[in-house]
Amino acid sequence: MPDLCVNIDHVATVRQARRTYEPDPVLAAVEAAERARGLLARAAGEELERAPEDLVFAGGRVFDSADPDTGMSFAEACVAAEARFGTLG
C-alpha cells in the first residue's frame, strides 16, 4: 500500500529534534500530493490506455491532453487508483 500521508506531528518532532527548519511541512505536503497525482495518473492511464504524462487534471476530470473527450471523472480515477494501489492517503 502506498504511503501518502503526512503526519505533521512527526514532521514537527523531527524539526524540533534537529533544531532546524527542516523538514518543511509544506514541502512534505507538496511531495505527498505529487505522489498521489502520479498514482492517479498511472491508474487512469491504464484505464484510458494513455501514457500518464499525457494526462491533464482539470475541471474534476482526468483526460488526454491531445483528446479531451478521452477521459474520466476525478472520482473514477481515484477508484481506479485505489483498486490498483490500495487506499490512497
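In this text, all values refer to a predicted model and were calculated from it rather than measured experimentally.
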>> For the backbone of V79 and the side chain of E82, can you confirm whether one donor and one acceptor N or O come within less than 3.5 Å of each other?
In response: no
> If you look at every heavy atom in G45 and L55, which pair is closest and at what distance?
Replying inline: N-CD1, 3.5 Å
If you look only at distance, which donor and acceptor atoms sit under 3.5 Å apart when one is on a side chain in residues 47-54 and the other is two or more places apart or in another chain?
from	atom 1	to	atom 2	distance (Å)
R50	NE	D64	OD2	2.6
R50	NH1	L48	O	3.4
R50	NH2	T70	OG1	3.4

>> More than 12 heavy atoms of other residues, nucleotides or ligands under 6.0 Å from CZ of F74: yes or no?
In response: no
>> Working to the nearest 0.5 angstrom, can you tell me the gap between L40 CG and L88 CG?
In response: 6.0 Å
> Can you list the other members of the hydrophobic cluster that holds V56, where links are side-chain heavy atoms under 4.5 angstrom apart?
Replying inline: F63
>> Could you check whether any side-chain N or O of R61 sits under 3.5 Å from a backbone N or O of P68, counting only pairs where one atom can act as donor and the other as acceptor?
In response: yes
> Which pair of heavy atoms, one from F85 and one from A43, lies closest together, and at what distance?
Replying inline: CE1-CB, 4.2 Å
> What's the shortest heavy-atom distance between M72 and A44, and which atoms?
Replying inline: SD-CB, 3.9 Å
